[in-house]
Amino acid sequence: GAAAATCAFIAIIYSENSATTKTTLSSTNTAKEQQTTKVLIARTVSPSEYKQVIGDVHHINSHHQATSPSSASTYLAQSMSQCNLLRKSSSSATIITPYSNGSKTFPNHVLCDPNNNNQNQSSIGGEENNNYLSVKADFLLLARNAEVANSMSNLLSPTNPSSSSSSTRNQKQCCDNVEILDVSRGENTIKIWNWILHLDEARLYDYDYVWMIDGDIDLSSLNWHAFWQQVKLIRPKICQPAIIGNDPGAHGTSHSILNYWGDSRVLASEVAIVELMTPLFEVDTWLGYRNFIANQSPDLLRNLKRGGEDCFDLAWCHYAKFNMVGEQIWPPKKLGYRPSAPTYATPNDDANGGNVNITNSSTAVKKSQFEEHNSCVVLYQTPVVHMNKKSLGKGKNFRSGGQQVCKYFRENYRIHWAIKSV
């Protein structure tokens, strides 16, 4: 189709020779970005995952510990602690990877550019934009059985010990920023259906983002500051960190376009899928997609309640990109770049390499393209570890329901089959 012929994607490329990065990056940082960004992190939690999730909650909350006001500054310094290694790797045969060097402090060129860390400027990377302070997370933990709900409540050590005494059987309030729901009845164990039920306008009223993260994602493995730095820079409607396994041979994701990209010059790409494992939404985009789903055929809703997932994460990218109009775009099989011309790829690029220099300077990143409000983006240089607990039961309802969900989207909204489109 026409859309497939004009496949648009974005590859953000860095060059160590860029002399204008400081101007183009810092100019996108507004006063609003320096204010607190609020995100609700929603996680479906199985028995094999709750200890990981509890550890992640404590880790994220430690960014804001009132008893240790210097903790955020310490985290910021740690997040940039490998920048010298990145600079050395750019000028020598040294290769750094999130496996050998650790993903929690894994560097990238935007993070490590000293021009972006000038304390006297309203800059992306400076202390005044410390994302360990400026990004505030709350948690909605969806326990897949009552025992998990009780265990999480006990381990999270409520600020007010009496807060759980007035809780209902299915809902417990624990700590100041954690809500735990027991969703163990019937179809309520279905991940997507829980998102539709609970991530509504009332719950998300005061948030900028909602982040659905599987229970077997090691969130503490993410370079939090670097990730949010790029989210604020690129401002995608939907995005995710690249996925890696807990060692080089371990499974990360089945979608190759969402794996960690080894060339450090390739920071991010616009893609046709942000998978169900860890999608971050602007709240308005999620609520719009949720409303779209609610107004579809009862057959689609019934198959989602059965556990069908296939193509659901392709459809929200089509919604974010084209409001479900026309044929979904096809992403390229490979990312192309010209090392002397860091820029976005353009719709005229082919899938195998040619990158059109659309800036006046061979080293400039065009400012206006950071303001395009891109649809679905994967952030390659801020990977997160997938522990691959395989806790999601994939029985008959999951498989047949998924086939019907994908069939519905393909026939009604020209969504492509997941395996073919990534």
### Message
When you measure from the side chain of Q52 to the backbone of E49, do you find a donor-acceptor pair of N or O atoms at a distance under 3.5 Å?
### Response
no
### Summary
Between W286 and W195 the two heavy atoms that sit nearest each other are CZ2-O, 3.7 Å
### Message
What I want to check is whether the side chains of T74 and Y132 have a donor and an acceptor closer together than 3.5 Å.
### Response
no
### Query
Would you find a donor on one side and an acceptor on the other, under 3.5 Å apart, between the side chain of R144 and the backbone of T189?
yes
### Query
Looking only at heavy atoms, which two atoms of I96 and L85 are closest? And how far apart?
CG2-CB, 4.1 Å
### Task
Using a 4.5 Å cut-off on heavy atoms from C-beta on, say whether the side chain of H255 contacts that of V271.
no
### Query
Going through the checks in order, is the side-chain contact (heavy atoms from CB on, under 4.5 Å) test met by Y205 and V283?
CA-CA 9 Å; Y205 174 76; V283 162; over 6 Å; no
### Message
To the closest 0.5 Å, what do you measure between SG (C406) and CG (L314)?
### Response
7.0 Å
### Message
Show, in sequence, the C-alpha distance, side-chain angles and deciding distance for V384 and I243, and conclude whether the side-chain contact (heavy atoms from CB on, under 4.5 Å) test is met.
### Response
CA-CA 5 Å; V384 70; I243 303 297; 3.8 Å; yes
### Summary
Output for pair (T44 OG1, L141 CG), nearest 0.5 Å, gives 9.5 Å
### Query
Do any N or O atoms from the side chain of N303 and from the backbone of G308 form a donor-acceptor pair under 3.5 angstrom?
no
### Query
Judged by atom type as modelled, is there a donor-acceptor pair below 3.5 Å linking the side chain of N145 to the main-chain atoms of S184?
no
### Query
Charged N to carboxylate O below 4.0 Å: is that the case for K321 and E270?
yes
### Query
How about W224 and H59: do any of their side-chain heavy atoms sit closer than 4.5 Å?
no
### Message
By the definition salt bridge (Lys or Arg N to Asp or Glu O under 4.0 Å), identify the one residue from D216, D214, D56 that meets it with R43.
### Response
D56
### Query
From I238 CD1 over to Y319 OH, what is the distance, rounded to the nearest 0.5 angstrom?
9.0 Å
### Query
If we only count heavy atoms from C-beta on, is the T37 to N131 side-chain gap below 4.5 Å?
no
### Task
Determine whether more than 12 heavy atoms belonging to other residues, nucleotides or ligands lie under 6.0 Å from atom CD of Q78.
yes
### Task
Search all heavy atoms of G215 against all heavy atoms of V53 and return the closest pair with its distance.
O-CG2, 3.7 Å
### Message
I'd like to check the ring pair (Phe, Tyr, Trp, His ring centres under 6.0 Å) partners of H198; sequence neighbours left out, ordered by chain and number.
### Response
none
### Task
Report yes if the side chains of L111 and N223 come closer than 4.5 Å at any heavy-atom pair, otherwise no.
yes
#### Entry: Donor-acceptor contact present, side-chain K237 to main-chain A320, <3.5 Å
yes
### From I54 atom CD1 to F139 atom CZ, the distance as rounded to the nearest 0.5 Å
9.5 Å
### Query
Is it true that a side-chain atom of T382 and a backbone atom of A226 form a donor plus acceptor pair closer than 3.5 Å?
no
### Task
Sequence neighbours left out, what pairs pass side-chain hydrogen bond (donor to acceptor under 3.5 Å, both in side chains) with at least one residue falling in residues 240-253?
T253-E275
### Task
Could I get the full list of salt bridge (charged side-chain N to carboxylate O under 4.0 Å, His left out) partners for D218, not counting sequence neighbours?
none
### Query
Does some side-chain heavy atom of L140 sit less than 4.5 Å from a side-chain heavy atom of L199?
yes
### Query
Does the separation of the ring centres of Y75 and H225 fall below 6.0 angstrom?
no
### Donor-acceptor contact below 3.5 Å, side chain E309 vs main chain L276
no
### Query
Under 3.5 Å, side chain of D208 to main-chain N/O of K38, donor-acceptor pair present?
yes
### Query
Between F292 and W316, is a side-chain contact (heavy atoms from CB on, under 4.5 Å) present by the stated rule, with each step listed?
CA-CA 10 Å; F292 163 80; W316 61 37; over 6 Å; no
### Query
Are any side-chain N or O atoms of N130 and backbone N or O atoms of A72, one a donor and one an acceptor, separated by less than 3.5 Å?
yes
#### Entry: Pair I293-L304, side-chain contact (heavy atoms from CB on, under 4.5 Å): steps then yes or no
CA-CA 10 Å; I293 293 296; L304 291 173; 3.8 Å; yes
### Summary
What one should report as the nearest heavy-atom pair of Y260 and T97 is OH-CA, 4.3 Å
### Task
Spell out, with a plain yes or no, whether C83 and C112 have SG atoms under 2.5 Å apart.
yes
### Task
Kindly compute the distance separating CD (Q229) from CE (M80), expressed to the nearest 0.5 Å.
8.5 Å
### Task
Could you grab the distance from atom OG of S221 to atom NE2 of H386, nearest 0.5 Å is fine?
11.0 Å
### Message
Are the side chains of I180 and V45 in contact, using a 4.5 Å heavy-atom criterion?
### Response
no
### Query
Looking at side-chain heavy atoms only, is the closest gap between R290 and D200 below 4.5 Å?
yes
### Message
I'd like to know if the side chain of W211 and the backbone of T278 have a donor-acceptor N/O pair within less than 3.5 Å.
### Response
yes
### Query
Where do V266 and Q381 come nearest, in terms of heavy atoms and distance?
O-NE2, 3.0 Å
### Task
Could you check whether the rings of F409 and Y413 sit parallel, tilted or perpendicular, using 30° and 60° as the cut-offs?
tilted
### Query
Got C239 and F227 here, is their nearest side-chain heavy-atom distance under 4.5 Å?
yes
### Task
Taking all non-hydrogen atoms of both residues into account, name the closest pair between C317 and S375 and its distance.
O-CB, 4.4 Å
